[in-house]
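Naming convention: chains lettered A, B, ... in sequence-line order (proteins, then strands); numbering from 1 in each chain. Note that these values count all heavy atoms, side chains included, but never hydrogens, waters or copies made by symmetry.
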Amino acid sequence: MTDRSVSYADAVAAVARAEGNLDAVSDELFRVARALEGSDELRMTLSDRQVPAARRQQIVEDLLGGQALETTTAVVSMIVAAGRSSDLIGIAREAVEINARDRGRSVAEVRSAVALTGDQAERLSAALSAATGHQVDIKVVVDPSIMGGVVATIGDEVIDGSVRHRLSQLRDTF
Amino acid sequence: MSRRLWAAAAVVVAAVALSASAASAAGETVGSCIFDETTTVKKLVDVDFKEVERIKNDIEAGEAKGASDREKEEAKKAKEEKDELVEKYETDLEGCVEAPNPIRPETTEIIWGGLAFLVLLALMTWKLFPRVKDLMEQRTQRIQDAIDDADRQRAEAAEVKANYEAELADAKAEAARIVDEAREQAGAVRADLQARAEADIADMRERAAADVEASKRQAIADLQSEVSDIALGAAEAVLGRSLEDPEVQRQLVDDYIASVGAGQD
């Protein structure tokens, strides 16, 4: 993650704190980042400098308007207008980390082939907290590419229980 | 000027006076001497010679009549005196031929010359010298005016030259400034064009890289799809059950949670 992304994340967090909704804003930013990861066309469009900034902001307004907080929409629009769309994923990740640190917790990015139920999410959070020794918030990403199971990333630590990983281990075995 | 003229006139008058005094002291001039001697000779001729002639005639008449010896003696004596006078006057007349001083003029000439000189000097002093002085002063003034005019024209020419040189220097400085500005503007335009070209190249590269990245992602996605199908089949074979079954997926998640809770990967 670049220093620029960290700086942007600090600024976004400061704005969200001022608005009193850092938790929600960081969560929505995380979702926007996931959407960008899942759509090459959207990511390229928002990153294309040939597209006027006003047009890119309008796309953001169309996507988030009424579905996200005004603060989230505003900061995403600002980042896109500044031509930093490619940094939006890193900014969102850092904003989530900042929010967790504010609450004395860590963030685990959890990838699953299917959506987790609430019970599963609670139990997974508790299990990760017990495994790491400190409170962990999970951010679930549905990623069919892992085929099955879960991949949890906490900072630099990765706990991979996916079917894809097992197949890889099996392939390495052979 | 006037003082020197008057001094020269005084010197001339003094010299003439001294010469006149010397001439008077030395005697008469040739002309006056001849005149005097001629007058004397004429008188002698008119008087003495007539007396001598009378005596001679008396002697001759006496001889004819029988003059006495005393009368003869007197006649002879008168003739001898007459001869002596004639000789004396001839000697004096010859002496008149030689002037006492060939350089020194006669006193009257000196006097008249001096008077004429003084009159002429007075006339010149009265009339001519002031006019000559005025003419000289006018000429001097014209020359001075010409010199002043020349100086003024020279000063004006120097001023014009200085102005011209200043204007020339200003023009050179202005030309240098224009050249510098043109050079700076050319440099700025060149830098701007270069920056634009570099920006265009960067955009083109970025778009090309984005296109390549998109193509790569698309290819990867396509490949992943195919690989996923193959891997899915393999996984299904390994796991012995279908990954499309939600229950299976739930079980896999639960197994993962359990393994994390147990401290396993």
Salt-bridge present (B/D254, A/R123; N to O < 4.0 Å): yes
Close side-chain approach of B/V253 and A/S112, heavy atoms under 4.5 Å: yes
Heavy-atom side-chain proximity of B/R250 to A/Q120 below 4.5 angstrom: yes
Whether over 12 other heavy atoms sit under 6.0 Å from A/R55 CZ: no
Under 4.5 Å from any heavy atom of chain B - which part of A/A126: neither
Contact summary for B/Q249 and A/A113, nearest pair of heavy atoms: OE1-CB, 3.8 Å
Nearest heavy atoms of B/A210 and A/M44, plus distance in Å: O-CE, 4.0 Å
Side chain / backbone / both / neither for B/E213 at chain A, heavy atoms under 4.5 Å: neither
A/R34, CZ: over 12 other non-hydrogen atoms inside 6.0 angstrom: yes
From A/D119, A/L124, A/L116, residue fulfilling side-chain contact (heavy atoms from CB on, under 4.5 Å) relative to B/I257: A/L124
CZ (B/R139) with more than 12 external heavy atoms under 6.0 Å: no
Value rounded to 0.5 Å, distance of CD in B/E206 from OG in A/S47: 8.0 Å
pair A/V151-B/Y256: side-chain heavy atoms closer than 4.5 Å: no
Spatial distance of atom CG (B/L252) from atom CE (A/M147) [nearest 0.5 Å]: 10.5 Å
Part of A/E41 lying under 4.5 Å from any heavy atom of chain B: neither
Heavy atoms from other residues, nucleotides or ligands near CZ of B/R131 exceed 12 (cutoff 6.0 Å): no
